[in-house]
Amino acid sequence: MLALVSLVQLRDTSDLVSPTVVVALDAWVDAGSASTKAVQELADEDAPVVATFDADRLYDYRARRPTLDILDGRPVRLHWPDLVLRRARLGDRDVLVLSGPEPDFRWRELADDVASLARSLEVEQWISLGAIPAAVPHTRAVPILGTESSPGLLRGDIPPGPAGLLRVPSAAISVLDLAVAEAGIPALGYYAQIPHYISGEYPAAALALLEAVARHLDVELPSGDLNDEAAQLRSRLDTATELDEKTRTYVERLEEMVDEARLPAGDELITEIERFLRERGSEPGHGQVH
């Protein structure tokens, strides 16, 4: 069994049997924190750790500063950004959850090491989760788009898409996907579309991603407080929309598009992604309508 793979420090995995890996990184492709909140329901911080990564070589601590706990004027604890592979048992299968902030450095080296790790652990399949901004209304079910390294990997009637060529800024999770697929491991992804006019967390999308994983693995998954959080946010958004005529008219137009089952074109997604990346740095309040 592999003990050390460059950036990866592996722990005891002797009893793993053909595990599935589920990945979500805190990055631009985690709009509404949907994917990272979803995987927290799969494996929390108390779940057994299978592998850790060399954070000092992966992160720029001036960009992702560790947080400091100060108790009664005394510094007591630092919380460092870290990338961790944790183990969960879902039904009769092992699921390994890879999560953490998107690394700042060494994407290619990390991808090679993760692909080698996946081969050594005899990973059965690789599932990436993410969320992207899109022209969709909060009043309808969260749309999910899929990606797959070969036809037929997606389940639950999730379509691959959008059709045609879509060229967008890459996230580290996509670099990992490609490396794992090139290593011969089936790789697929489920990506929630988040209403672009909402800032902050969007628990309805986290729920939709959990449901996509549950259908794919044919298991029942816990949702924690996500149902209540989604209902509370929906109520606030409905109220805010009703109070502003322009927003209400716009949401109604989006509803018509969804009801006509019109899938977003690639250029529409690119426009919303670019808008999202421009506005991301402002870090507005949670659950607000722009």
Side-chain angles (χ1 to χ4, degrees), residues 7 21-39 53 55 57-65 81 83 98-115 126-136 142-149 154 158-182 187-202 205-206 208-209 212 263-284 290:
L7 293 170
V21 173
V22 178
V23 189
L25 301 180
D26 176 8
W28 79 258
V29 76
D30 183 35
S33 301
S35 61
T36 47
K37 285 183 72 70
V39 297
F53 297 78
R57 298 168 65 192
L58 291 176
Y59 293 112
D60 176 0
Y61 294 135
R62 291 175 299 178
R64 291 190 181 272
R65 294 181 182 273
L83 185 64
L98 177 61
S99 63
E102 179 181 60
D104 298 298
F105 307 119
R106 300 178 181 271
W107 284 15
R108 293 180 180 179
E109 183 180 348
L110 176 64
D112 290 342
D113 291 348
V114 166
W126 176 279
I127 303 174
S128 293
L129 301 182
I132 57 177
V136 296
V142 176
I144 304 289
L145 289 176
T147 61
E148 52 189 4
S149 59
L154 295 168
I158 301 297
L165 175 63
L166 177 64
R167 181 168 288 154
V168 298
S170 178
I173 196 169
S174 298
V175 179
L176 300 182
D177 290 353
L178 288 171
V180 168
E182 290 171 358
L188 58 121
Y190 293 108
Y191 292 85
Q193 297 180 63
I194 306 295
H196 69 77
Y197 55 85
I198 295 174
S199 61
E201 294 185 352
Y202 195 58
L209 291 173
L263 293 177
D267 56 351
E268 291 175 330
L269 284 177
I270 292 171
T271 298
E272 299 307 333
I273 287 169
E274 289 175 344
R275 184 210 305 265
F276 177 77
L277 291 175
R278 285 195 305 269
E279 296 175 350
R280 182 175 171 84
S282 61
E283 295 296 334
H290 289 310

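Since the structure is predicted, the reported quantities are computational estimates derived from the model, not experimental observations.
The backbone N or O of Gly189 sits less than 3.5 Å from a side-chain atom of Thr147, completing a donor-acceptor pair. Side chain of Asp60 to main chain of Asp104: no donor-acceptor pair is present (N/O by atom type, distance under 3.5 Å, no hydrogens or angles).
Residue Leu154 comes nearest to Pro159 through the heavy atom pair CD1-C, 4.0 Å, listed as atom of the first residue, atom of the second, then distance. For the pair Phe105 and Arg57, the tightest heavy-atom approach, listed with the atom from each and the gap, is CB-O, 3.6 Å. A pairwise comparison of heavy atoms in Leu145 and Ile158 identifies C-CG2, 4.0 Å as the closest pair. Among all heavy-atom pairs drawn from Ala187 and Ala181, the shortest one is CB-CB, 4.1 Å. Closest of all the heavy-atom pairs between Val29 and Ala171 is CG1-CB, 3.8 Å. Summarising the geometry of Pro81 relative to Tyr61, their closest heavy-atom pair is CG-CE2, 3.7 Å, with the distance given to 0.1 Å.
Once rounded to the nearest 0.5 Å, the distance linking CG of Asp30 with CD1 of Ile173 reads 8.5 Å. Put simply, CZ on Phe53 and CG on Leu58 are 8.0 Å apart, with the number rounded to the nearest 0.5 Å. Considering CD1 of Ile127 and CD of Glu148, their distance stands at 12.5 Å, rounded to 0.5 Å. Rounding to the nearest 0.5 Å places CD1 of Ile194 at 9.5 Å from OG of Ser33.
Counting heavy atoms from C-beta outward, Tyr202 and Val142 have side chains that approach closer than 4.5 Å. Contact check for Trp126 versus Leu98: side-chain heavy atoms found under the 4.5 Å cut-off. Side-chain atoms of Leu83 and Leu7, non-hydrogen and from C-beta on, never get closer than 4.5 Å to each other. Taking 4.5 Å as the limit, some side-chain heavy atom of Ser128 sits within range of a side-chain heavy atom of Tyr191. Here the side chains of Trp107 and Leu176 are not in contact, with every heavy-atom distance at 4.5 Å or above.
Applying side chain to side chain contact (heavy atoms under 4.5 Å, CB included) to Thr36 and the options Leu129, Leu209, Asp26 leaves one that passes, Asp26.
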